[in-house]
Novice: 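Sharing a structure with you now.
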Amino acid sequence: MDDYILRATAADGLIRAFAATTKNTVQTARSLHNTTPVASAALGRLLTAGAMMGTMLKGEKDLVTLQIKGDGPIEGLLVTADSKGRVKGYPFNPNVDIPPKSPVKLDVGGAVGKGYLTVIKDLGLKEPYVGKTELVSGEIAEDLTYYYAKSEQIPTAIALGVLVDTDTSIKAAGGFIIQLMPGATLEVATMLEERITHLKYITELLDRGETPETILDAVLGDMDLEIIDKMPTEFYCDCSRERVEKALISIGEKDLRTILEEDKKAEISCHFCNKVYNFDEADLKKLLDEATSK
Ligand SMILES: [Zn+2]
C-alpha cells in the first residue's frame, strides 16, 4: 500500500481532520539515515506530522518546516514538507540508542529531551511565519498539540505512531491531526474529546491494520464525516548538484579559495537524504571563477 493522506471535515465544517499512513516514507528515511529504532520513531513521527501539516498550506510553493532542538541524545530533528505531500527530514544524531520505556514503547521523549519546537511556514511572503514553543514531553504529538494551542490558538488532537519491527524495519506508521475550527461549540468539543480519549494507542491501531479511513471513521463517523480528498505522500528530497554549487558559491571567494588550496576537493552531502556531491579541483576552480565574477 502506498502512503497517503486523507483530508476531511466533520460537524458541518467545525472540525477539520487529517489522517495519514506513512510506512514507506518512514522506511525510506530509515534507510537513508540508517537510524536506530528510537531515532526512526522520532523522525517518523515528525515526518508524518510534517506531511499532514504540508497539506494545510494553500500556495503551490508554500513550505512548512518543523524543527526540534532538545537536550536529549538525538539533539534535534528537522523536517520540511510542501503542499503536495512531499516531505523530507533528518535527525541530528541518527545513532541514538536508549533503552525502551517498555518492550513495546520506544523512549522518543527520552531521546529528544527538553527543548523547543519551532514551526516555520514559508508562504511566499517577505518574512516567513515563525512560531516557537517549549517541548512538553518530547514525544512530538503532545509537543505539536501544545504548539497549536499556544501559538495558533487552535484546539488540536494529534496522534503519531511508528511501529518498528524486530529487524529494525518499519512495520507501520501513521497518525492523525484533528482540529476544532472557530465557532465550534462546547458540545462538539466535548464529543470529540470523548472519542479521542477512547481511541486506543495509534500504534496499536496501525498494527491491527487500521487505515486512515477506518481511524477517521472511528473518531468522526457519527459526526457527519466528509472525506475531501486523498493525496499521495512520500519522502522526497529536491537537492541537486546545481543547488549544492549555488551553496558553495555563496560561501564566498575567500572560503572557496581556502578549500581549493588546502583540500583541492570538496565532498558535500545533503543533510536530508545523505546524497554525496563531489567536487574536484577543476570544479572548484570553476565555482571560484563564478564567485569572483559576482
Ligand atoms: Zn537531498
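Ligands are counted one by one from 1 in listed order, and the atoms in each one are counted from 1 as well. Only this structure's heavy atoms are used, side chains among them; waters, hydrogens and symmetry mates stay out.
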Novice: Name the residue from Thr22, Ile140, Leu47, Ile170 that meets the side-chain contact (heavy atoms from CB on, under 4.5 Å) definition with Val162.
Specialist: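 Answer after filtering Thr22, Ile140, Leu47, Ile170: Ile170.
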Novice: Under 3.5 Å, is there a donor-acceptor pair between the Tyr277 and Glu267 side chains?
Specialist: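 Note: Tyr277 and Glu267 side chains miss the donor-acceptor criterion.
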Novice: Any luck finding a side-chain donor-acceptor pair between Thr133 and Ser151 under 3.5 Å?
Specialist: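 Looking only at side-chain atoms, Ser151 and Thr133 do not form any donor-acceptor pair under 3.5 Å.
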Novice: Do you see a donor-acceptor pair shorter than 3.5 Å between the side chains of Asp3 and Thr25?
Specialist: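 Judged by distance alone, the side chains do pair up.
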Novice: Can you list, by chain and residue number, the protein N, O or S atoms under 2.8 Å from the Zn ion (ligand 1)?
Specialist: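 As for protein N, O or S atoms lying under 2.8 Å from the Zn ion (ligand 1), they are Cys237 SG, Cys239 SG, Cys270 SG, Cys273 SG.
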Novice: Just list the side-chain donor-acceptor pairs under 3.5 Å for residues 235-253, sequence neighbours left out, or say none.
Specialist:
unit_1: Asp238; atom_1: OD1; unit_2: Lys88; atom_2: NZ; d: 2.8
unit_1: Ser240; atom_1: OG; unit_2: Arg243; atom_2: N; d: 3.2
unit_1: Arg241; atom_1: NH1; unit_2: Asn278; atom_2: O; d: 2.9
unit_1: Arg241; atom_1: NH2; unit_2: Asn278; atom_2: O; d: 3.0
unit_1: Arg241; atom_1: NH2; unit_2: Asp283; atom_2: OD2; d: 3.3
unit_1: Ser250; atom_1: OG; unit_2: Ala247; atom_2: O; d: 2.6
unit_1: Glu253; atom_1: OE2; unit_2: Arg257; atom_2: NH2; d: 3.1

Novice: Relative to the ring of Phe272, is the ring of Tyr90 parallel (under 30°), tilted (30 to 60°) or perpendicular (over 60°)?
Specialist: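 Judged by the thresholds at 30° and 60°, the geometry between Tyr90 and Phe272 is perpendicular.
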